[in-house]
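Here is the structure we will look at.
All values reported here derive from a predicted model rather than from experimental measurement.
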Amino acid sequence: KFDSTNTAAKKSLAKILAFDFQEPEKGIELLSSILKKDSTDAAALFILGNIYTSTNLKDSHKAEYLFAKSKKYMPNTNDYSYQYGLGMTAQNKGDFKNAEEHFLNAYALDSSDMLLCTFISQVYIKLGENDKALKFLQRAYRVDSMDHYSNLNLGYFYYTNGKLWNNDK
C-alpha cells in the first residue's frame, strides 16, 4: 500500500509494472489516474509514451503524440530519455532518418549505453550505411564485451557482410 496521492510513487510503480513485470496495462492505469488530475504532468506523459514504444502494446502514433505532448510541459527536451524515446518511436515507424537524429542526440548525452549503440547500428543497417553500423556495433562490444547480445550482433554483422575480424578497428 502507498499513499494514492503520491504521484512520484505512482510513476515509479507504473514503470516497474510496465517494464519489469511486463504488465503495461496496469502501468497505464496508474498513469491515467495521474493524468486525470493533472493532464500536464510531463513525466507521466513521457512514461506512457515509453510504454507504447517499448512494450507489447506498441503503438507508434500514441507514443509520438504522448512524447510531443510531454515536450510542451517538459523543461529539458534535450534530455537523454526524451531523445531515446523519440528515436525508438521513429524507428518503430520505419522513419530511420529521424530515428538516427534522435538516437545520435541521446548518444551525445550518454555514449555508454550498449543498447543505444545497438539501436543506432540497426538504423544504419536499414539506411544501408554499413560502415557506420559497424562502428556502433563495435562500440557496443567495447562497452560490454561480455554481453551475449553485443557478441551476437557483431558476429552476425561480420557473417552476413562477409567481413573477417579486423584488429585495426
(request) Check side-chain hydrogen bond (donor to acceptor under 3.5 Å, both in side chains) between Ser150 and all other residues, then give those that pass, not counting sequence neighbours. (result) none
(message) Is there a path of hydrophobic side-chain contacts, each under 4.5 Å between heavy atoms, that joins Leu152 and Tyr158?
(response) no
(request) Indicate if Tyr149 and Tyr141 have the same hydrophobic cluster label, given that clusters are the connected sets of ILVMFWY residues with side-chain heavy-atom separations under 4.5 angstrom. (result) no
Using side-chain heavy atoms (C-beta onward) and a distance below 4.5 Å, is [X] in contact with [Y]?
{"X": "Lys71", "Y": "Phe67", "value": "no"}
{"X": "Thr118", "Y": "Phe136", "value": "no"}
{"X": "Asn161", "Y": "Leu134", "value": "no"}
{"X": "Leu45", "Y": "Leu31", "value": "no"}

Taking atom [atom1] of [X] and atom [atom2] of [Y], what is their separation to the nearest 0.5 Å?
{"X": "Ser54", "Y": "Phe19", "atom1": "OG", "atom2": "CZ", "value": "5.5 Å"}
{"X": "Ile16", "Y": "Glu23", "atom1": "CD1", "atom2": "CD", "value": "12.0 Å"}
{"X": "Ile51", "Y": "Lys15", "atom1": "CD1", "atom2": "NZ", "value": "10.5 Å"}
{"X": "Ile125", "Y": "Ile120", "atom1": "CD1", "atom2": "CD1", "value": "12.5 Å"}

(message) Taking side-chain contact (heavy atoms from CB on, under 4.5 Å) as the definition, give me every residue that meets it alongside Ala43, ordered by chain and number, with sequence neighbours left out.
(response) Lys11, Asp41
(message) Would you say that more than 12 heavy atoms from the other residues, nucleotides or ligands in this model lie under 6.0 Å from the CD of Glu25, or not?
(response) yes
(request) Check the side chains of Lys58 and Thr53 for a donor-acceptor pair under 3.5 angstrom, ignoring hydrogens and angles. (result) no
(message) Between the side chains of Glu100 and Lys97, is the shortest nitrogen-to-carboxylate-oxygen separation below 4.0 Å, so that they form an ion pair?
(response) yes
(message) Ring centres under 6.0 Å, that's the criterion: do Phe96 and Tyr124 meet it?
(response) no
(request) Determine whether the aromatic ring centres of Tyr84 and Tyr80 lie less than 6.0 Å apart. (result) yes
(request) Give me the ring orientation class for Phe119 and Phe103: parallel if the planes are under 30° apart, tilted from 30 to 60°, perpendicular past 60°. (result) parallel
(request) Show the numbers, then the answer: is there a side-chain hydrogen bond (donor to acceptor under 3.5 Å, both in side chains) between Ser60 and Thr89? (result) CA-CA 6 Å; Ser60 297; Thr89 301; over 6 Å; no
(request) Would you mind listing the cluster partners of Met114? Hydrophobic ones only (ILVMFWY), side-chain contacts under 4.5 Å, chaining allowed. (result) Val143
